[in-house]
Amino acid sequence: MIDHVDVLIVGGGPVGATLALALKASGLQVMVLEARHDFSRKPDPRTLALSYGSKLILERMGIWSALPQPTSIETIHISHEGGLGRSVLSAEQEGIPALGYVVNYAALDQALHEALLQSNVHYLTGAQVTQTRATQSYAVADFDFQGASHQVTARLLALADGGRNQSGVSGAERHVRDYRQTAVVAQVKTELPHKQVAYERFTPDGPVALLPSGDGFALVWTATPEAAEAILQLDDTAFMHRLHAHFGDRLGGFVQAGHRASFPLSLSYTKPVTGPRKVALGNAAQMLHPVAGQGFNLGLRDAWELATEILHVSPSNIGSAEMLAHYSSKRRMDTAGGILFTDALVRVFSNDNPLLHHSRGAALIGLDLLPPLKSLVARKMIFGARG
Ligand SMILES: Cc1cc2nc3c(=O)[nH]c(=O)nc-3n(C[C@H](O)[C@H](O)[C@H](O)COP(=O)(O)OP(=O)(O)OC[C@H]3O[C@@H](n4cnc5c(N)ncnc54)[C@H](O)[C@@H]3O)c2cc1C
């Protein structure tokens with residue numbers, strides 16, 4: 001087995017896989033260590049709203065065409081429970097074909113997995129990294145694979161493990177804010193068709209999103225952990241009635257509900273994201289509330305910009321302090337913008353403070369009446385902070 005590479009990627013989730021594929025034609029030695037075995041890849045029930053900018057990245061990597069029928073979002077309708085004020089963002093006003101696309105997480109994961117298997121990347125599945133460390137000249141990872149312990153060194157170690165391991169970047173801290181919210185996800189169908197409209201409705205318990213997906217919607221229903229547990233226990237009919245009462249009558253009743261799954265929600269981020277010979281990206285760098293569908297979009301931009309940085313330096317400078325400083329300064333604004341934007345949405349819109357109630361309605365009306373501001377919000381959601 002190879003024991004030294006240029007770039008070692010810990011975690012072959014969507015972000016780690018994207019980074020590896022963006023480097024596949026570089027002539028560099030790239031290795032991905034992924035803990036999941038091929039046979040233990042459980043279908044993840046999440047759907048992801050990908051921005052138009054993310055579509056462009058996946059297209060350039062040849063992944064987009066492998067995704068089965070992404071559903072386009074042409075309009076986003078934002079409202080809040082129990083008050084006036086709403087805002088509508090539209091692709092037509094922004095002069096682009098769609099504000100975003102809804103894809104199935106499992107399909108994206110599978111397409112990236114297949115592309116890695118067919119590439120020249122050293123891709124090991126069932127490889128669990130147990131420890132990482134770094135010197136000024138290289139990083140080291142210990143990992144278990146096929147019942148034996150192994151070690152590999154690299155000029156640069158890219159940590160894309162979803163933030164699961166605490167042994168990340170030397171000297172960095174992981175900051176965590178528990179929102180005490182859980183997302184319940186499911187595929188649902190409504191009496192009225194979606195017409196490519198995504199709905200985001202803010203309620204005191206948390207936001208509820210309906211994203212157009214195929215001929216139905218992908219639901220992300222945020223609630224307190226206790227309420228989410230109760231929602232999971234309901235039978236389908238009671239679940240659809242509860243959802244109708246919560247979401248309102250905009251789409252008529254709910255007529256079909258698929259399997260439900262839940263995800264606990266928090267904000268957590270690593271600071272700084274770089275240390276000697278190491279960099280954290282994707283959820284290992286920042287895990288966001290799904291309120292504005294920013295998490296993977298941000299992680300994809302991390303992967304794309306890191307690949308660009310690696311391709312711009314000479315091989316001997318990969319993982320150098322200068323390269324990492326340049327990368328982190330380029331990513332700082334986008335990352336901070338994503339964290340602040342989603343955290344503010346959760347904190348301002350997900351509570352029953354009466355003072356904030358009126359300001360929320362006013363904010364949505366204001367957003368709707370000020371096209372430049374609306375355009376700014378739309379661009380931020382489509383291309384990130386520098387959009
Ligand atoms: C309910 C919900 C809805 C969401 N909706 C959206 C959305 O609409 N749009 C959007 O952009 N984002 C969304 N997100 C966020 C998105 O899912 C994440 O940002 C994205 O999955 C992060 O990808 P990642 O590759 O960084 O991490 P992960 O997907 O967590 O992948 C990490 C990988 O590392 C591997 N790994 C972990 N530890 C080790 C180890 N020790 N050794 C080897 N391998 C290891 C794991 O097996 C895994 O494959 C949503 C999230 C949730 C919870």
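Note that this is a predicted model, so its numbers are computed, not measured. Just so you know, ligand 1 is whichever comes first in the structure, and atom 1 is the first atom listed for that ligand.
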Open item on the list: I'd like to know if R331 pairs up with D334 as an ion pair, taking the criterion as any Lys NZ or Arg NE/NH1/NH2 lying under 4.0 Å from an Asp or Glu carboxylate oxygen.
Closed with: yes
Open item on the list: Under 4.5 Å between side-chain heavy atoms, counting indirect links through other Ile/Leu/Val/Met/Phe/Trp/Tyr residues: same cluster for L340 and L267 or not?
Closed with: no
Open item on the list: Both conditions, 6.0 Å and 45 degrees, for the charged tip of R260 above the ring of F239: are they met here?
Closed with: yes
- [ ] Apply side chain to side chain contact (heavy atoms under 4.5 Å, CB included) to E92 and list each qualifying residue two or more places apart in sequence or on a separate chain.
- [x] S90
Open item on the list: Would you say H77 and E200 are linked by a side-chain donor-acceptor pair, where the criterion is simply a distance under 3.5 Å?
Closed with: no
Task: Any donor-acceptor pair under 3.5 Å from N297 side chain to S51 backbone - done: yes
Find all protein N or O atoms under 3.5 angstrom from an N or O atom of ligand 1 and list the pairs with distances, or write 'none'.
residue  : atom   : partner : partner atom : Å
ligand 1 : 8 (O)  : A49     : N            : 2.7
ligand 1 : 9 (N)  : A49     : O            : 3.1
ligand 1 : 9 (N)  : G293    : O            : 3.3
ligand 1 : 11 (O) : G293    : O            : 3.3
ligand 1 : 11 (O) : F296    : N            : 2.8
ligand 1 : 11 (O) : N297    : N            : 3.0
ligand 1 : 11 (O) : N297    : ND2          : 3.1
ligand 1 : 12 (N) : F296    : N            : 3.0
ligand 1 : 17 (O) : R46     : NH1          : 2.6
ligand 1 : 19 (O) : N283    : OD1          : 2.9
ligand 1 : 19 (O) : F296    : N            : 3.2
ligand 1 : 21 (O) : Y105    : OH           : 3.4
ligand 1 : 25 (O) : P14     : N            : 3.4
ligand 1 : 25 (O) : V15     : N            : 3.0
ligand 1 : 26 (O) : N283    : N            : 2.9
ligand 1 : 29 (O) : Y105    : OH           : 2.7
ligand 1 : 30 (O) : R164    : NH1          : 3.0
ligand 1 : 30 (O) : R164    : NH2          : 3.3
ligand 1 : 38 (N) : N165    : ND2          : 3.4
ligand 1 : 41 (N) : Q128    : NE2          : 3.2
ligand 1 : 41 (N) : V129    : O            : 3.1
ligand 1 : 41 (N) : N165    : ND2          : 3.3
ligand 1 : 42 (N) : V129    : N            : 3.0
ligand 1 : 44 (N) : A35     : N            : 3.0
ligand 1 : 47 (O) : E34     : OE2          : 2.7
ligand 1 : 49 (O) : E34     : OE1          : 2.8
ligand 1 : 49 (O) : E34     : OE2          : 3.1
ligand 1 : 49 (O) : R36     : NE           : 3.3
ligand 1 : 49 (O) : R36     : NH2          : 3.1

